[in-house]
Asks: 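I'd like to ask some things about the structure below.
Both counts, for ligands and for their atoms, begin at 1 and track the order of listing. We're numbering straight along the sequence, starting at 1.
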Amino acid sequence: MGSFFSLTLIILSWVSLLSTEAEAEAEGIRSARLLDLLIRDNIVKSFDKHLKTGTVQTVNLPANFSGIKVETARFRCGSLHRYGAQVKEFYLGKGVNVQPCAERVMVVRQNLGSNWSSIYYANYNLSGYQLVSPVLGLLAYNAGTDVSSGTPFEVGILTRENNPIKINFSNVITNTTSSRRGIRPLCASFGGDGKVRLKNQVSHNVCVATRHGHFGLLIELPPSMPVRKRISRWKLAVGSSIGAALGAFLLGLLLVSMLVKVKKKARMEELERRAYEEEALQVSMVGHFRAPTASVTRTTPTIEHEYTPYPS
Ligand SMILES: *[C@@H]1O[C@H](CO)[C@@H](O)[C@H](O)[C@H]1NC(C)=O
Ligand SMILES: *[C@@H]1O[C@H](CO)[C@@H](O)[C@H](O)[C@H]1NC(C)=O
Ligand SMILES: *[C@@H]1O[C@H](CO)[C@@H](O)[C@H](O)[C@H]1NC(C)=O
Ligand SMILES: *[C@@H]1O[C@H](CO)[C@@H](O)[C@H](O)[C@H]1NC(C)=O
Ligand SMILES: *[C@@H]1O[C@H](CO)[C@@H](O)[C@H](O)[C@H]1NC(C)=O
């Protein structure tokens, strides 16, 4: 019984540990929009304004943005429109428009990594789908003459359907299990309106878009698999451990009652045996001495009765 209880306690504490770990990751920043703003603020803080235009610069973020990789590059709107550019996975073709654009633009590419990409499950309805790549963001901010003075505002990157932005996920795709099984992941575009738009890839791990935003590769989950996996998994763990504890408790009760029964039966048998022995002893003693006993036992009346016809 004791070991059952300690086992249950161990399981329960393990489950609660797991759930607090999950909560710790989930608490704090939950909004994808807020995360963009915090990343922007960190870019402004660390921006090297002496850097040549068009040079891609890696931004070092504080440790609590674990796993997020950010690159930025400054462009003149005119030259971006004339020549296009590549910023990591994003290929901006010639003719790309920045709106509005005074003079310079700061193009930001985010790779949210495995830890932070998961907040997109909370911000968008992805039920029935699983991300198989980190979420990649392409954003642009106005970069006037001095980025570090004043807050840069977001500007749009827009292209036409016949000249789209290409996103090459080949080097960032995290789960190749699906493609090995012949499933081609879908391109997801996470809109500022809170909606996810799905499209087919244009070539292996390559997606296209006509505007800035956040993008990822998704695969469809088999219908039986619920999407809110993390929550239901630990709910299941709690449920099953409570069930196991209850089961163990009931089993323990059953065992104890069985043990008590067996012990009781053994004691009854022992008592009966002793009673029989005592009775037998008494009878033999009575037989030996041929004298009525005064003790109050079940057999006394019979013995007395036996002796009444022959009073001494
Ligand atoms: C990281 O920490 C700083 C200061 O402690 C805070 O302002 C910022 O919001 C944190 N970022 C994240 C992503 O939690
Ligand atoms: C994810 O976050 C945990 C702590 O919250 C950290 O230890 C781990 O290194 C992070 N993973 C990546 C890929 O950065
Ligand atoms: C999420 O989208 C699915 C279809 O993809 C739909 O069936 C479901 O009702 C949506 N859930 C919410 C909460 O909007
Ligand atoms: C995407 O990137 C991979 C790896 O860098 C490369 O082999 C492939 O040719 C690229 N695809 C396109 C369409 O540029
Ligand atoms: C990769 O995707 C498959 C489904 O296609 C899934 O079963 C598996 O758990 C995923 N692996 C990782 C590491 O996410």
Asks: Are Gly128 and ligand 3 in contact, using a heavy-atom cut-off of under 4.0 Å?
Replies: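 No; Gly128 lies far enough from ligand 3 that no heavy-atom distance drops under 4.0 Å.
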Asks: Would Asn168 count as a polar contact of ligand 4, with the cut-off being nitrogen or oxygen pairs under 3.5 Å?
Replies: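 Looking only at distances, the answer is yes, because the N/O contact criterion of under 3.5 Å is met.
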Asks: Hey, is CZ on Arg197 packed in by over 12 heavy atoms from elsewhere, all under 6.0 Å?
Replies: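 Result for CZ/Arg197: enclosed.
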Asks: Where the closest heavy atom to atom 5 (O) of ligand 1 is concerned, which of Ile119, Leu37, Asn64 has it?
Replies: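 Selected option, by shortest heavy-atom distance: Asn64.
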Asks: Would a distance-only check, ignoring hydrogens and angles, find a side-chain to backbone donor-acceptor pair under 3.5 Å from Gln99 to Cys101?
Replies: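 Between the backbone of Cys101 and the side chain of Gln99 there is no qualifying donor-acceptor contact (under 3.5 Å).
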Asks: Look only at the side chain of Gln110 and the backbone of Ile68, and say whether a donor-acceptor pair between them is shorter than 3.5 Å.
Replies: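 Not confirmed, Gln110 side chain does not pair with Ile68 backbone.
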Asks: To the nearest 0.1 Å, how far is atom 4 (C) of ligand 4 from its closest protein heavy atom, and which atom is that?
Replies: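 Closest protein heavy atom to atom 4 (C) of ligand 4: Asn171 OD1, 3.6 Å.
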Asks: Which pair of non-hydrogen atoms, one from Pro134 and one from Phe169, has the smallest distance, and what is that distance?
Replies: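 Looking at all heavy atoms of both residues, the closest pair is O-CE2, 4.2 Å.
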Asks: Heavy-atom distances under 4.0 Å decide this one: backbone, side chain, both or neither, for Asn205 against ligand 4?
Replies: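 Answer for Asn205: neither.
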Asks: Kindly indicate, with the supporting measurements, whether the criterion side-chain contact (heavy atoms from CB on, under 4.5 Å) is fulfilled by Val96 and Leu80.
Replies: CA-CA 7 Å; Val96 64; Leu80 192 59; 3.8 Å; yes
Asks: Please list the nearest protein heavy atom to atom 13 (C) of ligand 4 with its residue and the distance rounded to 0.1 Å.
Replies: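 Checked against all protein heavy atoms, atom 13 (C) of ligand 4 sits closest to Val206 CG2, 3.7 Å.
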Asks: Could you tell me which atoms of ligand 1, counted from 1 in the order shown, lie closer than 4.0 angstrom to a heavy atom of Trp116?
Replies: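 Contacts of ligand 1 toward Trp116, numbered from 1: 13 (C).
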Asks: Considering only non-hydrogen protein atoms, determine which one is nearest to atom 2 (O) of ligand 3 and report residue, atom name and distance to 0.1 Å.
Replies: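 Scanning the protein heavy atoms, the shortest distance from atom 2 (O) of ligand 3 goes to Asn125 ND2, 2.4 Å.
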Asks: Return yes if some donor-acceptor pair links the side-chain N/O of Ser117 with the main-chain N/O of Val135 below 3.5 Å, else return no.
Replies: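 Answer holds: yes.
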Asks: Which of the atoms of ligand 3 are close to Ser127, meaning less than 4.0 Å from one of its heavy atoms?
Replies: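 By the 4.0 Å cutoff, the relevant atoms are 1 (C), 2 (O), 3 (C).
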Asks: For Ser170, counting its heavy atoms only, list the atoms of ligand 4 lying under 4.0 Å from any of them.
Replies: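 Counting atoms of ligand 4 from 1, those under 4.0 Å from Ser170 are 1 (C), 2 (O), 3 (C), 4 (C).
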Asks: Distance check, rounded to the nearest 0.5 Å: Leu112 atom CG versus Leu136 atom CG?
Replies: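 The CG atom of Leu136 is 8.0 Å from CG of Leu112, to the nearest 0.5 Å.
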Asks: Leu38 heavy atoms, cut-off 4.0 Å: which ligand 1 atoms fall inside?
Replies: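 Close to Leu38: 9 (O).
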Asks: Closer than 4.0 Å and a protein heavy atom, does any atom meet both conditions relative to atom 9 (O) of ligand 4?
Replies: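 Flag for atom 9 (O) of ligand 4 set to false, no protein heavy atom closer than 4.0 Å.
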Asks: Report the C-alpha separation of Lys69 and Glu89 in whole Å, then their side-chain angles, then the decisive distance to 0.1 Å, and conclude whether the salt bridge (charged side-chain N to carboxylate O under 4.0 Å, His left out) test is met.
Replies: CA-CA 12 Å; Lys69 295 192 205 98; Glu89 298 83 6; over 6 Å; no
